[in-house]
Structures are given as C-alpha cells and as structure tokens.
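Below is one structure, written out as structure tokens; comments come after it.
Note on naming: letters A, B, ... go to the chains in the order of the sequence lines (proteins, then strands), and numbering restarts at 1 for each one. What you see below is based on every heavy atom in this structure, not just the backbone, and it leaves out hydrogens, waters and symmetry mates. Quick caveat, the model's predicted, so the values are computed rather than measured.
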Amino acid sequence: MTPYDHKTIEKKWQAAWEAKQLYHTKSDSLKPKAYVLDMFPYPSGDGLHVGHPKGYIATDIYSRMKTMQGYNVLHPMGWDAFGLPAEQYAIKNKVHPRVAVDKNVARYKEQLSVIGFNYDWTRELNTTDPAFYKWTQWIFLKMFEKGLAYESYEPINWCPTCQTGLANEDLDGCNCERCDTLVVKKPMRQWVLRITDYADRLLADIDALNWPVSIKESQKNWIGRSEGAEIDFVVEGSEKKITVFTTRPDTLFGATYVVLAPESKILEDLKQQILNGNEVSLYCESAGKQSEIERTTVGREKTGVRLDGVMAINPANNEKLPVFVADYVLGHYGTGAVMAVPAHDERDFEFARKFGLRNRKVVFPNPLVSVPRNAKDIAMGVVGELRVVTECFMGSGEMVNSDRFTGFFNEDAKKPITDFVKGRWVTKYRLKDWVFSRQRYWGEPIPLIHCEKCGVVPVPEKDLPVILPNVESYAPTGTGESPLADISEWVNTTCPKCSGKGKRETNTMPQWAGSSWYYLRYIDPKNTEMLVDKKQEAYWSPVDMYVGGAEHATRHLIYARFYHKFLYDIGVVNYEEPFKRLQNVGLIMAEDGRKMSKRWGNVVNPDDIVATYGADTLRLYEMFMGPFGQSVVWSTESIIGPRRFIERVWRLADNVKEGEGDAKLEAVLHKTIKKVGDDIESFGFNTAISALMILVNEMEKATQVSRVHYETLLRLLAPFAPHVAEELWSHVGNVESIHLESWPVFDATKTVTSQVVIAIQVNGKVRDTMTVPVETGEVSASTMAQERPTVAKWIFGKKIKRVIFVPQKLLNIVVEE
RNA sequence: GCCGGAGUGGCGGAAUGGUAGACGCGCACGACUCAAAAUCGUGUCUCGUAAGGGGUGGAGGUUCAAGUCCUCUCUCCGGCACCA
C-alpha cells in the first residue's frame, strides 16, 4: 500500500462530502433527533488557535456517532459578530465593522473547513445579519410589552476605556471583563431587563439539568438566594418606619442598634429628624466616592455616623435603639437597612467595638444580651444568664434572654419571631437586573422611539428590523450617548402612535443579546414570518448537547436560560430549558503554561498542524490529550503518538483478509465497541481513543485481520478521524461513504472468552495469577490456587479462615496471621 | 469566611470497592541499515542481586480487599463574599 499521505486524502474527501451534501440536515425526518451545538465563536481578527477547535472536534465526533446510530442530527455553526472587538478592530484598522466581520468570518470558515467538520453550512447564522437581528429586536419588543424592559437612571457600572455601561455579568470582580479597567459608578439613562423576575425559576430549574456541577454551583452562587425576614422598626416620635432585612430574626432580642446604607432612601425621609444632618450628608458623600472594591473589602475598618435624634423601636421588646449610617451596609441588597446584633454577627460586633458602643447602657458589653446559647455554655451550665460577650457567636443553640422564645432552638424560632413582630418572611436574591443598553455603535439598535407626547413607543413589528445605519465615525462618544445619536436623519422619525415628532433610541444592545437565543434560529433559519416554526421547534428543542467554555457559566448561560423561559412564557417554545445537557471544554494552554495569546507569541495555529500532521491527527490528539473538560498543555512533542496510531491503522490494511475472524480478536473488538460508544456518549474521548489503540495493538499481533473486523474498527474510528477512515473504507472496497454506515452493534456474548486470568490473593495481597476456564467456580479455583507453590508457601501451616471468590477476576484466601 | 471540584510515575493520564500506573509521550537497550531517519522488539513507580518490602497529598477508620467509602487535615483550582 502507498504511504499515508494526509494532504491528498483530506482534500479529496472534503470535496467529495461537499459535493454529495453529506451533512445537510433534513427537518422532515421520522428519526429521533439529536441537536448537538457548539457555543458559536466570536470571529476575531487573530484567527483560530489550536484551542478553539477542541470543543468543535468533540461535537463533531459526538454528532457523527449519533448519525451512525440512526439519529437525525442537527449540528450547525454561526457567528456571534456584534460587540466591542469588531468595533475596536474596525477603529484601529480604519475599516467598517461590517467589512472586518465579513473578512474574519471568511478566515474562520477557511480554518474550520480544513479540519473536516460535519457542519450543515446551509444553516449558518450571523448575529449581525438584519434577517437575524430582526428577531433579536422582536424579543426585546415582547419583553417591553410585558414590562420586562424598563428605563432606569440608577448609577451603573461604566467602563472608562470601553466607554460604555456594563451589566454586572460583564465584570470580573470590579474590573471590566473585556479590558480589565476598573469600572466606576455612573448615573445615566439606561435600559434594563427584569431578569430578577425570573430569579426563582432560574434557580429552581438548575437541579434538573444535566450540566457540570461546577457550572450549576456557579449559577446558584450568582443568583444567590437567601431567605429571611423583613421587620419594621418604627422611628420614635414619628409614623415612619425602618424596614430591615435579616436572615437571623431569631436574634431580634439581641438587636443593639440599626444601620442604614449611605445610599438608602429612608435617609431622605428622616431628614427633619436628624440633628446632625451635615455630618451625615458629608459621610454619605464620601462613601459615594469610594469604589465598590473599597466598599466591599472584607476586614476593612468600619466607619459610620450616628443619626442624632433618631431612635428605632425594636418591635420585639420596645427597646429604643440608636440608628447609624454606615457603608458596611449596602444599598442594593435587601432593604438597605439592617438590625445590628453584635453578639451574633462579626461585622456588627466590630462596628460596636469601634464605636465604643460597649459603654452604652443597654448595649455593649455591660452586659450584652446573648441570644442563642452555644453548646459550650450549655455544657458549662450557663442557663439564661446575662453574660458579658467578648466575641460574637455565629452558631446555633438554645435561646436565652428572648422573652417567650427563651428555650427555643434558635433555628426553630426564626419564623415564630417574625410572625410575633408582624414581619414578612421573604426571599432575596443577589442577582441584579440586567443593564441592557450600550453606548456603542456595533450592536442591535434598541427598537424604541421617544415621542414628546406619547413617551416611549415601541417600533411596530412590521417595521422590524430597525437597521443599524452607517455612520461617519463609529468611535464611542463617551457622553453616554451612542454614535448613532449623531445621525439626525436616522434619529429623527415619526411616532408610530401619534405620527408626531419622535426620536429613535440610540443605545444598542449588548453582545449577549444575539447569543441568548441564536440556538433557536438554527432550527428554522430562513423563516421570515416568525422566529421559529412551532412544529420545527417542538421537534428539535431542546438542545441535546451543548459544548463550550466554563467562562460562560454566569454570563451567556444565565442570559440564555432567562430568554428561553421568557419565550416559553409567551408561547414561542415548548420546553422551559434551552440546553438539556452541557459539557465544558477545557482550555488548551501554550507549552509555556500560559494562555495562548498573540501577546505572548505562543499561539499554535491549527493550519500548521493540519499541514504537517493532518486534520485527523490534530483531531485525535486534541481528544487524546486528557479529560475533555480539563485544561491541558499543548505539546507538539506528543502529537506524534496519534499520528503513529493512524499510520498503524493504515498499514494494517495490508493484512486484511476475507473470511472468518479470530474469536479472541472478536472478543477484544466487542469490548472496544462497548467502550468507545459509552465513552463518546459521556465525553470520555481520551479513554475511547486508548481503547481503539488497544484494539489496533491486538490486530497487529494477529497474523491476519478479517475484513469484517477491520471494517468495524474503521467505523469506530470514523467519528474521530473521518478522512482516513473514509479512505481506508473505500480502499477495502466500499462505494458508499463510511459516514452513512451504521454504528457497530455491541454483542455481549462475543466478549466471552474460554479462558480468563484471575488474581490469587493471600490476605488481600496478590501472590500469583492463573489462567482458568471461564466457568471455573470457587471450589476448583481455590483448590488449583493452593496447589501452586507460589501460593502454597504463604498458606503453609496456617489455618484458612475464609475464601473470597469473584468469578473471572479474583480469589482471596484469608488465613490466620 | 461560605459553596463546589481536584491531588496517582520523568510527563499527559487510566482504574463498576477486586491484579494501581491501562493508553500515549519521553527515555534506555536491541533488531534492521554502510549510516541516519522511519519501523519493529524488550524494558521503564520505588528500595532490593533476589526472595520480598513500600507506594495514589497527610493522619486515622470501615472491609477478606480502599486511589475508590467514612472522619479529621494539608495544598491547588473555580464561583460567591462587609449580601446582614
């Protein structure tokens, strides 16, 4: 046989598959469906590095196997092309973002095509295509209609470098996730989506998803549910009340003072009563200047100011409590006010110490009421006694000093105490509403019109899409308006309601908008009447297998779930969750251990690897490197292994003969069928390939390989190395494509061999092995084993206590020591 | 601090409670060759000539049998974090 020449083979078959339209998905199939999806890429100017295709290779293998197993497979690809990078690239290179995107898409497609993917390119999507973003805008209109989109003037995160407002999800700590600049709080007009309305459902439905635990946990933490009580503290001498949120209503009898956040609205209401108003507003002003990162540093020195003249009444015991404003209480969480219990909260304890509250009569520490009693106290017999508290106690225990609740276990007292003081049991979330407007050019225009008379009016559906107009300069203005604001002929329009003068909304949508629903459009990409045909949606949804990076855990994957639930509510989709199963792809790091980046000059281009070793080798190598979800270091040295493996399979073709296959080889073959199928299903590609290698090693040992066995090997290999499998498939005389073949069927009876090797242990230590007939039972195995000198010497003169026998595996003789 | 995940040869890693280190890389030796590459063969956790002993971050425990289960602990990675 001729030597293996990947270049000719790969080119030849890629052209043949294209000509035969091998991978065009049919929507009218009676077969069961498998929707296999990659997170679509952002086509940047740098092109692909070897890390990018890793996930695509996995879905390619998975979907190819599914096709062979008789599924109707949808495996599409598209481009998430709105957003800052294209805009920045365009500004830098002085080309229109449209031009830059088209060029980058072409380059990406070229790079992907040489790897031999089975994408159905007839369904290709691009989020910047008006036919696509028409529906991105349509969803926004529906949300607006349902009151889920609202205009707000609250201070938001502003990135001074990107010159745009950002959502919480766009931050990495307190820095812009894109450019790492420290964000500032800036009050400005913005559009916000009420994702918090969905917080409970987003949280509740996580458990049922077949997703990695780590992603589910991240989302749970991000949504951040906590249950607690809202309790009203009436302000002495007025009808006003301060509502606090606490997860520890059981400590209410230990409340020592009340704290308000500097940005809390109650402060305004209390203005007249505050005797030291100047001091208070000075404090609030300086607190406002602090960055979020300064505000929220754990262990930072507590600061605050007492509101002179204001006392709050503890509804549990009518005790009068002083009120403070302090920046350790955050305005945007809970009610912006807390009751402070120094005995049972470290922060309150610290504050109390700092402010010398210990010297006050009812407060600290002389003597401080201690509510839940800890186990040590109970052991020491300290019962119901007022104690001096020198540190706070965060645990659970029996309650003391709590009037009628004394003697309760504190956890059991939470709800009764809340009821007793007429509080409300509520659930709070950490998740915040989604700041949805960007002051940038390269995004979907928000389809709204501001009319002097009618206010905010949605663009009628028939007028969608609102096309993103061309501008002279797409650089950000930095004023809080997008560059669109400068195009008066676009901005000025008529109000759809009153036909009077109207101005278009000039903010654009964030990059996440298109990616929040794109997976639905692949189902029915050409539909001009509706987002997706309902029957088609019912057939294809949900996505059965979704593959992408873990960095999307609390960004894209939350947004998409939110969108999907909304679309479910308005009847567009039939299923409440978009992605049934999710697999994370682990990063491929450069050989220097850093991320691959132009900046470090450590990028490995897949084109080069394909040219030198071939696409099939690249595919096998990336899957063989390690567990799929784990990050791995690229090693050009190790890539030779998979290449050698392919060459072995290649050379094996010379040894293929017609006729019955060897029974021993057949046993290995069927074990391999089982292993490879199971492993692809569970994304254990590294062990699947290892099983194929073991099979090939066995086939090499045999004097000849039957054609049936060899063809089975090729079918198992086909999803991993589609080109070489196809070439060898045709070499052994097949006319149709191997990729239209069925997946080998596992037959358990074929894995049974006549002889098995079993381990012999004495007291749990392996002393010998022996080959016995497969049907050997305990008694004969035990007898045979004891006759062997290597075993006999360990049991000689000792009494056998028992014998453990695991058929076909192991015999353990337990003797007296 | 809270919530997850993970610690196994020189390296990547494998092991339904049942022979730890599969498979691959690297390395060593051998075959082929004038030679090299490629290929093939043998070996490769550790101490020991061997018999045998030790060994999956550490310490205990359960079990005939533990990398795997339980308790404590250390380290690393990810998410959240003055969130009341």
Walk me through it: do Trp211(A) and Ile206(A) pass the test side-chain contact (heavy atoms from CB on, under 4.5 Å)?
-> CA-CA 9 Å; Trp211(A) 286 20; Ile206(A) 289 177; over 6 Å; no

Closest to side chain of Val632(A), choosing from rC82(B), rG13(B), rC23(B) = rG13(B)

Would you tabulate the side-chain donor-acceptor contacts of residues 791-801 of chain A under 3.5 Å, counting partners in other chains and residues two or more places apart, or write 'none'?
{"unit_1": "Trp794(A)", "atom_1": "NE1", "unit_2": "Thr790(A)", "atom_2": "O", "d": "3.4"}

Taken to the nearest whole Å, OH/Tyr621(A) to P/rC23(B) is 19 Å

Searching all strands shown, indicate the nucleotide that pairs with rG54(B) (Watson-Crick or G-U wobble; both distances under 3.5 Å).
-> rC45(B)

Distances under 3.5 Å between protein N/O atoms and the N/O atoms of nucleotides 75-79 of chain B, please, pair by pair.
{"unit_1": "rG79(B)", "atom_1": "N2", "unit_2": "Asn221(A)", "atom_2": "ND2", "d": "3.2"}
{"unit_1": "rG79(B)", "atom_1": "N3", "unit_2": "Asn221(A)", "atom_2": "ND2", "d": "3.0"}

Nearest listed nucleotide, side chain of Thr769(A), among rG24(B), rG18(B), rU19(B) | rU19(B)

Using purine N1 to pyrimidine N3 plus N6-O4 or O6-N4 for Watson-Crick, or N1-O2 and O6-N3 for G-U wobble, each under 3.5 Å, what pairs with rC80(B)?
-> rG1(B)

Proximal nucleotide (of rU39(B), rG18(B), rA15(B)) relative to the Arg651(A) side chain = rU39(B)

Any side-chain donor paired with an acceptor under 3.5 Å for Tyr429(A) and Asp200(A)?
-> no

Does any N or O in the side chain of Arg619(A) come within less than 3.5 Å of the main-chain N or O of Ile57(A), such that one atom is a donor and the other an acceptor?
-> no

Between rC40(B) (C1') and Leu652(A) (CG): distance, integer Å | 15 Å

Where the side chain of Val814(A) is concerned, which of rC64(B), rG4(B), rG13(B) is the nearest nucleotide?
-> rC64(B)

Polar side-chain contact Lys801(A)-rC64(B) base: donor and acceptor under 3.5 Å = no

Closest listed nucleotide, where the reference is the side chain of Met693(A) and the choices are rC64(B), rA84(B), rG24(B) | rG24(B)

Residues which pass side chain to side chain contact (heavy atoms under 4.5 Å, CB included) with Thr612(A), listed by chain and number, not counting sequence neighbours | none

Interatomic distance, Arg225(A) CZ vs rC2(B) C1' [rounded to whole Å] | 17 Å

Look through every strand shown and name the nucleotide pairing with rU39(B) as Watson-Crick or G-U wobble, where both distances are under 3.5 Å.
-> rA31(B)

Establish, with yes or no, whether the OP1 or OP2 oxygen of rA81(B) is under 4.0 angstrom from a side-chain nitrogen or oxygen of Arg430(A).
-> yes

Would you mind reading off the distance between Trp634(A) atom CH2 and rC11(B) atom C1', rounded to a whole angstrom?
-> 16 Å

Rounding to a whole Å, what distance do you find between Asp348(A):CG and rG1(B):C1'?
-> 16 Å

Mind calculating the distance between CZ (Phe805(A)) and C1' (rA65(B)) to the nearest angstrom?
-> 16 Å

Considering only heavy side-chain atoms of Thr247(A), the closest of rA84(B), rG24(B), rA22(B) is rA84(B)

Find the distance Lys428(A):NZ to rC80(B):C1' and express it as a whole number of Å.
-> 19 Å

For rG9(B), does the O4'-C1'-N9-C4 (purine) or O4'-C1'-N1-C2 (pyrimidine) torsion place it in syn, i.e. within 90° of 0, or in anti?
-> syn

Would one find a side-chain N or O of Asn686(A) under 4.0 angstrom from OP1 or OP2 of rA22(B)?
-> no

Should the pair Arg353(A)-Glu350(A) be classified as a salt bridge under the 4.0 Å nitrogen-to-oxygen rule?
-> no

Any side chain to side chain donor-acceptor pair (under 3.5 Å) involving residues 667-678 of chain A? Give me the pairs, sequence neighbours left out, ordered by first then second residue.
-> Lys674(A)-Asp678(A), Lys675(A)-Asp679(A)

Looking only at rC82(B), rA14(B), rC64(B), the nucleotide nearest the Tyr328(A) side chain is rC82(B)

With both distances under 3.5 angstrom, what nucleotide forms a Watson-Crick or G-U wobble pair with rA6(B)?
-> rU75(B)

Check for a donor-acceptor pair, side chain of Asn812(A) on one end and backbone N or O of Gly764(A) on the other, with a separation under 3.5 Å.
-> yes

Non-hydrogen side-chain atoms of Met339(A) and Thr251(A) separated by less than 4.5 Å = yes

Would you tell me if any nitrogen or oxygen in the side chain of Arg248(A) comes within less than 4.0 Å of OP1 or OP2 on rA84(B)?
-> no

For residues 635-648 of chain A, which residues have at least one heavy atom under 4.0 Å from RNA chain B?
-> Glu637(A), Ser638(A), Ile640(A), Gly641(A), Arg644(A), Arg648(A)

Phe685(A) and Phe720(A) aromatic ring geometry - parallel, tilted or perpendicular at 30°/60° bounds | perpendicular

Should rG67(B) form a Watson-Crick or G-U wobble pair with both distances under 3.5 Å, which nucleotide is its partner?
-> none

Derivation and outcome, side-chain contact (heavy atoms from CB on, under 4.5 Å), residues Arg594(A) and Asn602(A) | CA-CA 8 Å; Arg594(A) 291 189 287 206; Asn602(A) 56 10; 3.9 Å; yes

Below 3.5 Å is the cut-off: list the nitrogen or oxygen pairs between protein and nucleotides 52-54 of chain B, distance only.
{"unit_1": "rG52(B)", "atom_1": "OP1", "unit_2": "Lys793(A)", "atom_2": "NZ", "d": "2.9"}
{"unit_1": "rG53(B)", "atom_1": "OP1", "unit_2": "Arg767(A)", "atom_2": "NH2", "d": "3.3"}
{"unit_1": "rG53(B)", "atom_1": "OP2", "unit_2": "Arg767(A)", "atom_2": "NH1", "d": "2.9"}
{"unit_1": "rG54(B)", "atom_1": "OP2", "unit_2": "Lys765(A)", "atom_2": "NZ", "d": "3.2"}

Atom-pair distance (CG on Asn763(A); P on rU63(B)), nearest Å = 15 Å

With under 30° as parallel and over 60° as perpendicular, where do the rings of Tyr559(A) and Trp512(A) fit, or are they tilted in between?
-> tilted

If each of Asp768(A) and Ser690(A) is mapped to the nucleotide of RNA chain B with the nearest heavy atom, which maps nearer the 5' terminus, i.e. the 5' end?
-> Asp768(A)

Describe, in one word, how the ring planes of Trp650(A) and Tyr4(A) are oriented to each other, choosing from parallel (under 30°), tilted (30 to 60°) and perpendicular (over 60°).
-> tilted

Report the base-pairing partner of rA14(B) (Watson-Crick or G-U wobble, both distances below 3.5 angstrom), or none.
-> none

Report the C-alpha distance between Asp327(A) and Arg300(A) in whole Å, list the side-chain angles of each, state the deciding distance to 0.1 Å, and finish with yes or no for salt bridge (charged side-chain N to carboxylate O under 4.0 Å, His left out).
-> CA-CA 11 Å; Asp327(A) 67 3; Arg300(A) 170 171 160 265; 2.9 Å; yes

